[in-house]
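Data block below; observations after.
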Amino acid sequence: MSANNTNGSSQVGDYTCVRFYVSTVSFSVLLFFNLVINWTIVRVERLRSHARFVLVFHLLVSALVHLGMSSVFYYQIHLDARPVRSACLAMITVLISSASNIMLTLTAMALDRYCAVCHPMRYTSACASSRWPWLLGALTWLVALVIPLSLLLQPDSRAAGTGYNGTCGRDQLTIGILQKMLFIGLCTLLILYSYVRILVEGRRLGVVNRRNRAGCRTIALHGSQLAVYILPNFVNFVLSVLINRRAIQPETKELAAVVIFAFFSLAQCVAPVVYGLRKEELLEQLSHRFPCCSRYLKSFLGWTVRGSWPHTQHITRERTLTAQTIISLQVSQVPEEQETRPMSGQESLT
């Protein structure tokens with residue numbers, strides 16, 4: 001990020017300030033959703049014992065930690081602070097581990113839906129315990145913590161090691177960029193494989209078709225939100241390759257990088273809408289625990305939520321929480337009731 005002239009230095013400083021403000025705004029928005037959604041998940045036994053909502057909990061916590069540390073990290077760069085080596089190592093470790101845990105959680109969510117839809121019997125027998133989703137979340141955090149520690153112990157990570165010169169900047173985040181891209185690529189392949197298999201199974205059951213607009217809309221929303229988390233890493237990697245080959249100017253690279261950071265950081269705040277608030281089981285609980293917020297949230301969600309969300313507290317909706325129950329019900333139905341199969345399968349996709 002060093003510049004050759006005063007103008008370049010001011011531009012880099014302005015970009016750091018932009019990153020700080022964007023991280024702070026994104027952190028504030030995501031903090032609200034964390035308080036509302038995660039509090040509801042923890043307090044309701046039916047939600048905290050289901051893998052789908054537990055993984056949503058871990059995703060929101062990981063994103064909140066990443067955005068919060070990003071705000072602190074870019075603020076100390078903007079102030080031209082000189083933190084000690086241990087403080088710099090701590091910030092770099094939290095940033096890399098939280099970002100890695102986001103990818104691991106997204107991969108676990110895709111694999112969980114794949115197992116529930118494509119292997120329902122095995123999924124039910126293997127997931128009988130309500131503790132395993134929390135253990136899975138703890139495992140992803142441990143793996144995510146190993147990744148930055150292994151990178152910081154490499155010989156080429158002198159910026160945050162014995163050769164630390166007192167400046168804790170974005171150069172420390174570039175250590176092990178090839179290993180990071182391999183990790184992200186592997187997670188992306190697993191996510192794509194899971195969703196392709198889910199689509200194939202949905203077409204076989206007659207769920208994924210042109211008439212099922214809600215199911216297609218859900219698939220599109222999930223795909224767009226996954227792209228929000230995954231695409232920035234590949235785009236920044238391409239920018240780094242171009243700048244190393246002198247195909248673009250450093251100023252162009254910095255401007256493109258900060259625009260990408262701002263856009264995708266703000267877009268990631270939509271994650272609670274896609275992965276949490278669109279689940280009607282969670283919306284029902286929010287209507288009881290946060291009645292004032294639930295009215296505004298429902299109007300904010302708009303077209304992503306079905307209009308049949310109940311407003312009365314005495315009416316409870318019994319919904320299927322796994323695709324195994326849906327498929328078993330479809331098998332047990334008589335032939336004349338087969339025309340209701342797309343509507344039942346629609347719930348497994350949402």
What residues, two or more places apart in sequence or in another chain, satisfy side chain to side chain contact (heavy atoms under 4.5 Å, CB included) together with [X]?
X    : answer
A87  : P83, V84
T107 : L111, C187, L190, I191
L142 : none
V259 : L255

Taking only residues two or more places apart in sequence or in another chain, which ones pass ring-ring contact (aromatic ring centres under 6.0 Å, His included) with [X]?
X    : result
F264 : none
Y75  : F20
F183 : none
F73  : none

Next item on the list: Step through the shown structure and confirm whether more than 12 heavy atoms of other residues, nucleotides or ligands are within 6.0 Å of CZ on F234.
Entry: yes
Could you tell me which residues satisfy side-chain hydrogen bond (donor to acceptor under 3.5 Å, both in side chains) with [X], sequence neighbours excluded, listed by chain and number?
X    : value
R82  : T167
N236 : none
H58  : none
S98  : H66

Next item on the list: Determine yes or no for a side-chain-to-main-chain donor-acceptor pair under 3.5 angstrom, with Q76 supplying the side chain and C168 the backbone.
Entry: yes
